[in-house]
Amino acid sequence: MSDRLESLINSAPGKAILGALGVNPPPELRRYTADQATTPVLVDLGGNASSAVFQAVQSVLTGMPASHTDATTQRCDALIFDASHIQNPTQLDEAYRYFHARIRQLGANGRIVIFGRPHMACQTLSAATAQRALEGLSRSLGKEVGRKGSTAQLVTVAEGMESHIASSLRFLLSAKSAYISGQVLKVANTAAEHPGSLDWQRPLAGKTALVTGASRGIGAAIATVLSRDGAQVLGVDVAPMESELRSTMESIGGTSLVADITAEDTPQRLSELFAAQGGVDIVVHNAGVTRDKTLANMTEDQWQMVLNINLTAAQRITDELLASGALNDGGSIVGVSSMNGIAGQRGQTNYAASKAGVIGYVDYMTADDALRQRGITVNAVAPGFIETAMTAAIPFMTRQFGRRLNSLSQGGLPVDVAEAIAYFANPASRAVQGNVMRVCGQALIGA
Ligand code: NAD
């Protein structure tokens with residue numbers, strides 16, 4: 001929150017004026033810090049205790065510092081409802097009754113996590129409609145609790161993948177998902193192997209990561225968070241950003257590579273570099289640019305440049321890393337899409353096309369059997385309004401609307417995107433496949 005309007009809104013007189021107008025100031029989001037307990041302590045779990053998902057949730061909670069509370073009578077930090085057993089719309093009443101009795105007890109920065117099944121894998125039409133209905137329930141709950149900085153999500157778990165929910169549940173309960181709400185996450189890759197025991201403080205220890213556009217903004221945050229979680233990071237950026245890149249990489253003990261990702265030889269340089277050091281495990285295609293003009297005013301160069309950097313270059317790099325064998329089994333490919341790639345944006349036909357293409361990449365690669373068998377996951381994040389140099393360049397009033405039109409009434413921070421990527425890269429997320437997770441505070445307009 002950097003400009004004068006932000007300071008005014010957050011001052012005591014500003015809050016009083018907004019209060020009188022019935023406009024609430026944005027809630028303060030609690031984010032992850034290593035030295036504070038930032039997972040919920042008081043958790044209420046509802047649903048059918050005999051279901052496999054319910055039991056898997058219970059076992060994850062046992063390994064966390066969470067204690068069970070009766071949220072019908074006490075304040076609580078998280079409400080978890082397992083709806084995986086629900087077979088028809090009438091049975092959805094159970095979800096209504098569960099949340100109706102407890103939702104007032106959910107404290108600030110609270111968490112709601114609903115578990116269900118992928119509706120297209122259901123055996124009956126009634127089960128499919130009831131399971132799909134959970135999306136509307138969880139998204140609306142997100143909009144109802146957002147004012148207090150709380151979030152709500154749905155996790156769909158493929159039959160037999162119950163033992164793979166730990167990374168998703170831990171992430172969604174933690175302060176690492178502070179700016180993520182209204183999302184549906186799929187635990188879907190039935191070929192995934194169980195990771196066994198894991199050091200949850202440093203889940204990426206021993207892993208190597210590539211982050212493009214790593215010198216500043218979201219890329220620098222991704223590099224820093226992956227390094228915090230134990231990964232050795234190679235950051236790439238263009239020559240004009242060399243000194244920023246070096247200082248970011250030095251601060252995390254990473255390696256810098258000055259390269260333009262669109263250059264002919266960059267994919268091969270990267271694959272040779274990684275092949276010489278045991279391969280790469282995590283590939284994050286973060287580098288991106290905007291060249292905004294309405295289509296009528298856009299030059300062909302502006303069109304091509306944005307598509308080349310944001311889409312084609314990333315694809316060429318992954319193709320080469322896969323073809324050369326430099327991308328290790330059990331690895332993760334993470335694309336950086338955008339809310340504008342989902343909803344479209346005036347003046348951004350080039351950018352939105354490139355970012356929608358990133359989603360196409362995830363969809364297509366998710367269906368690749370060879371990749372699934374090798375335990376390589378493909379996912380993307382779709383940031384909404386994140387406070388970076390890219391969004392600081394947006395005209396003042398558009399910027400104010402952009403950052404406030406979401407359930408949490410504020411812009412996100414680069415670290416919010418980075419935490420989502422670290423969750424996808426976690427070895428315990430091998431079944432978390434084919435997701436495009438919006439990191440947008442649940443944007444109120446658009447798709
Ligand atoms: P940024 O401009 O601060 O950083 C982008 C980085 O990519 C820069 O360091 C830039 O030098 C690098 N880069 C550009 N072209 C490159 C090339 N050809 N080769 C290598 N590096 C190159 O932007 P940001 O806000 O941190 O955005 C990071 C990513 O997140 C982008 O893909 C962007 O489209 C996406 N995104 C950002 C937002 C937001 O609100 N900031 C929202 C949605 C999506």
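For clarity, every value in this text was computed on a predicted model and none was experimentally measured. Numbering of ligands and ligand atoms starts at 1, following listing order.
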* To do: Please tell me if the side chains of Arg438 and Gln183 come closer than 4.5 Å, counting only heavy atoms from C-beta onward.
  => yes

In this structure, atom 30 (O) of ligand 1 is nearest to the protein heavy atom Val336 CG1, 3.4 Å

Near Ala287 (heavy-atom distance under 4.0 Å), the atoms of ligand 1 are 7 (O), 13 (N), 21 (N), 22 (C), 32 (O)

Mind checking whether Asp237 has an N or O less than 3.5 Å away from an N or O of ligand 1? yes

| request: Answer with yes or no whether Ser337 contacts ligand 1, where contact means a heavy atom under 4.0 Å from a ligand atom. | output: yes

Is Asp416 paired with Arg31 through a side-chain N to carboxylate O contact shorter than 4.0 Å? yes

Nearest non-hydrogen contact to atom 20 (C) of ligand 1 from the set Ala259, Ala239, Pro240 belongs to Ala259

Among Arg216, Glu387, Met390, the residue with a heavy atom nearest to atom 1 (P) of ligand 1 is Arg216

Atoms of ligand 1 under 4.0 Å from any heavy atom of Met241, numbered from 1 in the order shown, are 11 (O)

In this structure, atom 43 (C) of ligand 1 is nearest to the protein heavy atom Pro383 O, 3.3 Å

Atom 17 (C) of ligand 1 sits nearest the protein heavy atom Val238 CG1, 3.5 Å

Practice item. Indicate whether the side chain of Ser338 and that of Asn340 have a donor and an acceptor atom separated by less than 3.5 Å. Key: no

Q.
Less than 4.0 Å is my threshold; does some heavy atom of Lys355 fall inside it relative to ligand 1?
A. yes

- Message: So for Ala263, does at least one of its heavy atoms come nearer than 4.0 angstrom to any atom of ligand 1?
- Response: no

Any chance the side chains of Glu244 and Ser215 put a donor and an acceptor closer than 3.5 Å?
no

Between the CG atom in Asn426 and the CG atom in Asp229, the distance rounded to the nearest 0.5 Å is 7.5 Å

Closest heavy-atom approach to atom 27 (O) of ligand 1 among Ile218, Thr212, Asn310 is made by Ile218

for atom 18 (N) of ligand 1, nearest protein heavy atom and its distance come out as Asp260 OD1, 2.8 Å

Given the options Val280, Thr212, Leu234, Val283, Leu270 meets side-chain contact (heavy atoms from CB on, under 4.5 Å) only with Leu234

Residue, atom and distance of the protein heavy atom nearest atom 14 (C) of ligand 1 read Val289 CG1, 3.6 Å

Checking Ser167, Ser168, Ser332, Ser177 against Tyr423 for side chain to side chain donor-acceptor pair (under 3.5 Å), the one that qualifies is Ser168

The closest protein heavy-atom partner of atom 19 (N) of ligand 1 is Ile261 N, 3.0 Å

Quick note on ligand 1: atoms under 4.0 Å from a heavy atom of Gly217 include exactly 26 (O)

Is there a polar contact between ligand 1 and Ile386, counting only N or O atoms under 3.5 Å apart? yes

Quick look: Asn286 vs ligand 1, heavy-atom contacts under 4.0 Å, and the answer is both

At under 4.0 Å between heavy atoms, what of Ile309 touches ligand 1? The answer is side chain

Problem set entry | Exercise: do His285 and Thr318 side chains pair donor with acceptor under 3.5 Å | yes

Just checking Glu193: does its CD atom have more than 12 heavy atoms from other residues, nucleotides or ligands closer to it than 6.0 angstrom? no

Atom 34 (O) of ligand 1: closest protein heavy atom, distance to 0.1 Å, is Tyr351 OH, 2.6 Å

So does Glu419 pair up with Arg228, basic N to acidic O under 4.0 Å?
-> yes

Counting from 1 in the order shown, the ligand 1 atoms closer than 4.0 Å to a non-hydrogen atom of Ser215 are 9 (O)

With distance as the sole criterion, is a donor-acceptor pair present between the side chains of Asn297 and Thr294 under 3.5 Å? yes

Looking only at non-hydrogen atoms, the one of Gly288, Ser338, Gly384 nearest atom 42 (C) of ligand 1 is Gly384

Under 4.0 Å, counting heavy atoms only: does Thr391 come that close to any atom of ligand 1? yes

re atom 7 (O) of ligand 1, the protein heavy-atom contact at minimum distance is Gly213 CA, 3.4 Å

TODO: Test the Lys176-Tyr32 pair against the cation-pi criterion, namely NZ or CZ under 6.0 angstrom from the six-membered ring centroid and within 45° of the ring axis.
DONE: yes

Q: Give a yes or no on whether Glu28 atom CD has more than 12 heavy-atom contacts from other residues, nucleotides or ligands under 6.0 Å away.
A: no

### Message
Hydrogens and angles aside, do Thr208 and Gln232 bring a side-chain donor and acceptor to less than 3.5 Å of each other?
### Response
no

Between Thr388 and ligand 1, is there a nitrogen or oxygen pair with a distance under 3.5 Å? yes

Passes side chain to side chain donor-acceptor pair (under 3.5 Å), Thr299 versus Gln302? Steps please.
CA-CA 5 Å; Thr299 64; Gln302 288 166 331; 3.3 Å; yes

